[in-house]
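A, B, ... follow the sequence lines: proteins, then strands. Residue 1 opens every chain.
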Protein chains: 2
Amino acid sequence: MTEAIELLPPRVHACGRQPGDNYCDSCKVRSLAVCAALGADELGELDDIVHHTHAEGKTTFIHQGEAAESVFSVTEGVVRLYKLLSDGRRQIIGFAMPGDFLGLALHNRYGFSADAVDNVALCRFDRREFDSLVTAKPHFLRRLHEFATHELVIAQEQMTLIGRRSAEERVAAFLVAMRERWARIKGPSVTIQLPMQRIDMADYLGLTIETVSRTLTKLARDGIILIVPEAVRVLDEKRLASIARA
Amino acid sequence: MTEAIELLPPRVHACGRQPGDNYCDSCKVRSLAVCAALGADELGELDDIVHHTHAEGKTTFIHQGEAAESVFSVTEGVVRLYKLLSDGRRQIIGFAMPGDFLGLALHNRYGFSADAVDNVALCRFDRREFDSLVTAKPHFLRRLHEFATHELVIAQEQMTLIGRRSAEERVAAFLVAMRERWARIKGPSVTIQLPMQRIDMADYLGLTIETVSRTLTKLARDGIILIVPEAVRVLDEKRLASIARA
DNA sequence: GCCTGTCCTTGCGCTGAATCAATTCGGGTG
DNA sequence: CACCCGAATTGATTCAGCGCAAGGACAGGC
């Protein structure tokens, strides 16, 4: 809700948080992330250093190898994070959605690139300011650590998906995972929004665009999903889940 | 050096650390991990809660899904961490070597299983004690967070390796990575120790045992490596690196 | 309305790695 | 030493997914 920011009187925090609130409405940071775990004081400090910004579709705003000068959180839209090989092969290491943090590694350089899949709204924090806030507030650091280890768990599951599972299993697991992520953000739905292109799914799943397309077609032919523009609709939840689960 | 522990007079810390040292000789924790970042006080506290233990080859000491009651660090030997699919397919998500920590996620349940590749010596910490130490010492937490984000970076690189690179590239990258890890522990060498079996390499790289074997044979035939029991010797460093690098 | 560009789907032949099947190697053990 | 057993290698064959190419759907510009 980028509009909400504009409507608020200036002396209220930019993100719309009221004193005592423990949820950052503008940054939409979910409980797993950071804000929800913070008291009003810490949230205030986060507000003090936040810069609201956004990126149009396809804009790259984090470049692998460059000095890590910002930490971001996504408030609207979807971001793809990826690594490029020198010959152009690409591996998407994750999609960041509203509530997710980027660039938490606290390393000097970014280990990946990031660009906007659609139009994206971001909270940007200066890394030095963010860093000293983290140092000053152990509780904050602890949440950050939990977020990072959760990311690690996801990454390990993704390794297993890519390393040991078939194309059909990968695509089904991706659909189920996307469905769950949207459910947390917008509530449950049989329609799974897929704002990214086929090539993004392919580069995320270690497949080619053709294989993703063929696999989706097969799932549709089997009556498990219905393919619609920018999304798929789940027709047979159980069968989809049974293909997706380990 | 498990022997070192035995030889020390009892009132000196079990790990052999002297007051003022900032490196835990028994736990052999590298700078990237935890100990090296801690002052003598924190190291003392770590000593107070450490239990030295070991695991014979093939023993499973962390079971995926079980309550996470311990945190470990490896002091001797190699540990494989893996996830199993219900049908028996296995993905090794990493090898832990001297100085590495296991079970840092601070989650309630382990997300992977771990067993000893060869004979392994471990420092075990009770998770609750470890947890409260972490909570009490922000500096410690910070190191832990750095360690976790480093693990995340490794995991993302592994995703790229498995998702987008050929069998030969995977094997070469694995050899180079193992070489660098041993170099940190024991110093540089042209001989790369490979205590794990072919099937472990295969399950780590998302390949089959036959493909790993054939690929090693090809590298040997090309004069890049020499295969010896439990290890390979690097003959042509440059060509190996050029296959391995992204 | 038509043209153009981009994305997606589909068909088809190809290929890298998987799978199946012998050997071979090497380290115990009696 | 001969035997055994698990690990590793090697060979033959298959196949899941790739790569290329053609065609279709859709959006934007004029």
For [X] and [N], give me the distance from atom [atom1] to atom [atom2], rounded to whole Å.
| X | N | atom1 | atom2 | result |
| --- | --- | --- | --- | --- |
| B:R221 | D:dG11 | CZ | C1' | 13 Å |
| A:R165 | C:dA17 | CZ | P | 22 Å |
| B:L161 | C:dA17 | CG | C1' | 15 Å |
| B:M201 | D:dT9 | CE | C1' | 13 Å |
| B:I162 | C:dA17 | CD1 | P | 14 Å |
| A:E169 | D:dA16 | CD | C1' | 12 Å |
| B:I227 | C:dG26 | CD1 | P | 12 Å |

Does [N] have its OP1 or OP2 closer than 4.0 Å to a side-chain nitrogen or oxygen of [X]?
| X | N | value |
| --- | --- | --- |
| A:T211 | D:dC18 | yes |
| A:S166 | D:dA16 | no |
| B:T208 | C:dA18 | yes |
| A:R214 | C:dT9 | no |

DNA chain C: 5'-proximal contact among A:Q197 and A:R164 (nearest heavy atom): A:Q197
Test of ring centre spacing under 6.0 Å for B:Y204 and B:Y82: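 No - the distance between ring centres of B:Y204 and B:Y82 does not fall below the 6.0 Å cut-off.
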Sugar-phosphate, base or nothing in reach of B:S213, heavy atoms under 4.0 Å: base
Sugar-phosphate only, base, or nothing, as touched by B:L207 at under 4.0 Å among non-hydrogen atoms: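 Sugar-phosphate: the residue B:L207, judged by heavy atoms under 4.0 Å, touches backbone atoms but no base.
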Sidechain-backbone polar pair: B:T215 side chain, B:T211 backbone, donor-acceptor under 3.5 Å: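 At least one qualifying donor-acceptor pair exists.
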B:R170 side-chain N/O to B:I162 backbone N/O, donor-acceptor pair under 3.5 Å: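 At least one qualifying donor-acceptor pair exists.
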Geometric class of the B:F125/B:F101 ring pair [parallel <30°, tilted 30-60°, perpendicular >60°]: parallel
Basic-acidic side-chain contact under 4.0 Å: A:R181, A:D100: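 So A:R181 pairs with A:D100 through a salt bridge.
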Candidate nucleotides D:dG17, C:dT9, D:dT9, ranked by approach to the side chain of A:T217 - the nearest: C:dT9
Distance-only donor-acceptor test, A:E210 side-chain atoms vs D:dC20 base atoms, 3.5 Å: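 Check passes, donor-acceptor contact within cut-off.
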